[in-house]
Amino acid sequence: MAPSTRLFFAMAMLLFSFFFSSASSQSFIGVNYGQVADNLPPPSATIQLLRSTTVSKIRLYGADPAILHALAGTQISAVIGAANGEIPSLASDPSAASRWVASNVLPFLPSTSISSISVGNEALSFGDPSVASQLLPAMQNLRSALIASSTPSAASIKVTSVHSMAVLARSEPPSAGAFHSDIAPTLQGILDFLNKTGSPFMINPYPFFAYRSDPRPETLAFCLFQPNPGRFDAGSKITYTNMFDAQVDAIHSALNSAGFPGIEIVVAETGWPYRGDANEVGTNVDNARAFNGNLIAHLRSMVGTPLMPGKSVETYIFALYDEDLKPGPTSERSFGLFRPDLTMTYDAGLMTKAPAAPAVAAGGWCVPKEGATEEELQANLDFACGQQGVDCLPIQPGGACFEPNTVKSHAAYAMNQLFQVAGRNSWNCDFRQSAILTSQNPSYDGCIFPGSGS
């Protein structure tokens, strides 16, 4: 084969590989799926949305059973979380760790892929030294519980924790990255655990916060992966062209200095708000699109970071949706890549195809599924009757639908009411997978269920 032919063939294969990988899920791209909101679509609709993107991983801040059930049979894996408040009991009582695994892990295996458990969120920066000191024992107990479960897919789940960039005493230049000396003893034990179990060190680097503390135009370009003069690291003789690589490499240097150069780094959170208060610099759609879009392109290039070349860092973008119940400035509620109606807030380059049009029920009624528990139906009843536009007077004493006076009967009426007024979309009849659409009119005697043909 002539040299020119070989070059053409190689270029063709490279382009084919790039376009193929860009059109399918990628193991290094994930999203954070937070739920501090009251307007989110049901998990089933969210997982359907994710399957039309290149996202292959999600990170949860808990272990929501509805989400984990919705992930079953998909190629999307999940990081699940134990909250900071759970750390003391997990650390002090191995049986509590066993119960946590039995409730939050084992019921979903092996149909749902759970890659790791994150114990706490930024616990070393939480402000409570007792929580920080109990982090390692909690991780150890959960790891032991997974192994003791005798479930092969449970034993392979990694146990780790997520940290903020505040664990670093120094991050500039990246080659001088070092952990704070006051957390060194605690962190040393955690790093030894991660190293022995092959678990990753998870970190939350946010170039947005770096720009917020230094709002110069050249800093913005450096943070957004846009053309800039770069920043020279005299220690490594490397010129960095973006803040993301600099922050991740600072963590790598700190791990190296601590004696653990082989621990994998995973970016648990990074993102950019598309909206903010008047005094919040850089919070607009253009910057959010530039950061996330360029980050995704950077990851897809497989170039890696200067100190870890040739492999993209597994990265979870914050966040899938806005979380409208979060306190704080407007930016805290404005990181969402998608809106609750499943449309894009802006195009960050994640879609492989247009998301499926929301399924709208042409008619019918929403009723409880067979097997739905009384507890589930009571929760559905309480929720539906609390929503605007839902009239629950007919199931009150003396109402046309009060009899039979059972939770199932009253829940059926209320759930159908909410389904009808909420838009009659398929997801309006989800109720955490405890409801189903039917074409059979459930009306009886003088009790009329609104719906098709009513």
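What you see below is based on every heavy atom in this structure, not just the backbone, and it leaves out hydrogens, waters and symmetry mates. Counting from 1, the numbers follow the sequence of the chain as shown.
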>> side-chain contact (heavy atoms from CB on, under 4.5 Å) for Phe201 and Ile251? Distances and angles first, verdict last.
In response: CA-CA 9 Å; Phe201 185 85; Ile251 293 294; 3.9 Å; yes
>> I'd like to know if the side chain of Asn292 pairs up with that of Tyr346 as donor and acceptor (distance under 3.5 Å, no hydrogens or angles considered).
In response: yes
>> If I take atom CG from residue Leu255 and atom OG from residue Ser257, how far apart are they, to the nearest 0.5 angstrom?
In response: 9.0 Å
> Backbone N or O of Pro174 within a donor-acceptor pair of the Ser253 side chain at under 3.5 Å?
Replying inline: yes
> Between the side chain of Arg51 and the main-chain N/O of Thr53, is any donor-acceptor distance below 3.5 Å?
Replying inline: no
>> Quick check: do Pro215 and Tyr211 have side-chain heavy atoms less than 4.5 Å from each other?
In response: yes
> Just how far is it from atom CG of Leu146 to atom NZ of Lys158, taken to the nearest 0.5 Å?
Replying inline: 11.0 Å
> Should Phe193 and Arg143 count as side-chain neighbours, where that means a heavy-atom distance under 4.5 Å?
Replying inline: yes
> Taking atom types as modelled and ignoring hydrogens, do the side chains of Ser164 and Ser125 form a donor-acceptor contact shorter than 3.5 angstrom?
Replying inline: yes
> Would you say the side-chain atoms of Asn228 pair up with the backbone N or O of Thr241, donor to acceptor, closer than 3.5 Å?
Replying inline: yes
> Strictly by modelled atom types, are Thr151 and Ser153 linked by a side-chain donor-acceptor pair under 3.5 Å?
Replying inline: no
>> Does the plane of the ring in Phe108 sit parallel, tilted or perpendicular to the ring in His69? Use 30° and 60° as the thresholds.
In response: perpendicular
> Going through the checks in order, is the side-chain contact (heavy atoms from CB on, under 4.5 Å) test met by Phe28 and Val313?
Replying inline: CA-CA 6 Å; Phe28 43 80; Val313 176; over 6 Å; no
> Side chains of Glu332 and Glu323: does their closest heavy-atom pair fall under 4.5 Å?
Replying inline: no
> Judged by modelled atom types alone, do Asn39 and Tyr321 share a side-chain donor-acceptor pair under 3.5 Å?
Replying inline: no
>> Taking the side chain as everything from C-beta on, heavy atoms only, tell me whether Leu124 gets closer than 4.5 Å to Leu187.
In response: yes
> About how many Å separate OG of Ser331 and CZ of Phe208, when rounded to the nearest 0.5 Å?
Replying inline: 5.0 Å
>> Within this structure, what is the CG-CZ distance for the pair Leu194 and Phe260, rounded to the nearest 0.5 Å?
In response: 8.5 Å
> Should Glu264 and Glu314 count as side-chain neighbours, where that means a heavy-atom distance under 4.5 Å?
Replying inline: yes
>> Less than 4.0 angstrom from a charged side-chain N to a carboxylate O is my criterion; do Asp322 and Arg339 meet it?
In response: no
> Less than 4.5 Å apart, any side-chain heavy atom of Ile87 and any of Asn84?
Replying inline: yes
> Any salt bridge (charged side-chain N to carboxylate O under 4.0 Å, His left out) pairs touching residues 189-204, not counting sequence neighbours?
Replying inline: Asp192-Lys196
> Take atom CD in Glu86; do more than 12 heavy atoms of anything else shown fall under 6.0 Å from it?
Replying inline: yes
> Can you name the one residue among Thr305, Asp233, Asp249 that meets side chain to side chain donor-acceptor pair (under 3.5 Å) with Tyr240?
Replying inline: Asp249
> Which pair of non-hydrogen atoms, one from Pro200 and one from Val266, has the smallest distance, and what is that distance?
Replying inline: CB-CG2, 3.6 Å
>> Closer than 3.5 angstrom, by distance alone: can the side chain of His180 be matched with the main-chain N or O of Val167 as a donor-acceptor pair?
In response: no
> For residues Glu269 and Tyr206, is any side-chain donor paired with an opposing acceptor at under 3.5 Å?
Replying inline: yes
>> So which atom in Lys326 and which in Arg333 form the shortest heavy-atom distance, rounded to 0.1 Å?
In response: O-NH1, 2.9 Å
> Cation-pi between Arg59 and Tyr33: NZ/CZ under 6.0 Å from ring centre and within 45° of the ring axis?
Replying inline: no
> What are the two closest heavy atoms between Thr283 and Asp277, and how far apart are they?
Replying inline: OG1-O, 4.4 Å
>> Just verifying a value: how many Å separate Ser44 OG and Ile47 CD1, rounded to the nearest 0.5 Å?
In response: 8.5 Å
> Are the ring centres of Phe318 and Phe335 closer than 6.0 Å?
Replying inline: yes
> Please walk me through it: do Thr46 and Leu40 pass side-chain contact (heavy atoms from CB on, under 4.5 Å)?
Replying inline: CA-CA 9 Å; Thr46 293; Leu40 300 183; over 6 Å; no
>> I'd like to know whether Tyr61 forms a side-chain contact (heavy atoms from CB on, under 4.5 Å) with Gln35, so could you lay out the CA-CA distance, the side-chain angles of the two residues, the decisive distance to 0.1 Å, and finally the verdict.
In response: CA-CA 8 Å; Tyr61 293 84; Gln35 296 173 275; over 6 Å; no
> Do we see a donor-acceptor contact under 3.5 Å between the side chains of Asn204 and Thr270?
Replying inline: no
> Using a distance-only test with no angle check, is there a side-chain donor-acceptor pair under 3.5 angstrom linking Ser434 and Glu376?
Replying inline: no
> Under 3.5 Å, side chain of Trp100 to main-chain N/O of Ser95, donor-acceptor pair present?
Replying inline: no
> Just by distance, do the side chain of Ser334 and the backbone of Pro273 share a donor-acceptor pair under 3.5 Å?
Replying inline: no
>> Nearest 0.5 angstrom please: Phe222 CZ to Arg216 CZ, how far?
In response: 11.0 Å
> Looking at side-chain heavy atoms only, is the closest gap between Ser149 and Leu106 below 4.5 Å?
Replying inline: yes
> Under a 4.5 Å cut-off applied to non-hydrogen side-chain atoms, are Asn32 and Ile317 in contact?
Replying inline: no
> Do Asn294 and Gln226 meet the criterion of a side-chain donor-acceptor pair at a distance under 3.5 Å?
Replying inline: no
>> If I compare all heavy atoms of Leu49 with all of Leu342, which pair ends up nearest, and what's the gap?
In response: CD1-O, 3.9 Å
>> Any side-chain to backbone donor/acceptor pair from Asn141 onto Leu90? Under 3.5 Å, distance only.
In response: yes
> Where the side chain of Asp324 meets the backbone of Asp38, is there a donor-acceptor pair that is under 3.5 Å apart?
Replying inline: yes
> What heavy-atom pair brings Ser118 and Val79 nearest, and what distance separates the two atoms?
Replying inline: CB-CG1, 4.2 Å
>> Counting only heavy atoms from other residues, nucleotides and ligands, does the tally under 6.0 Å from CZ of Phe383 exceed 12?
In response: no
> Going by atom types only, do Asp245 and His298 share a side-chain donor-acceptor pair under 3.5 Å?
Replying inline: yes
>> For Thr54 and Arg300, which I'm curious about, is there any donor-acceptor pair between the side chains at under 3.5 Å?
In response: yes
> Can you name the closest pair of heavy atoms from Gly336 and Thr345 and give their distance?
Replying inline: O-OG1, 3.0 Å
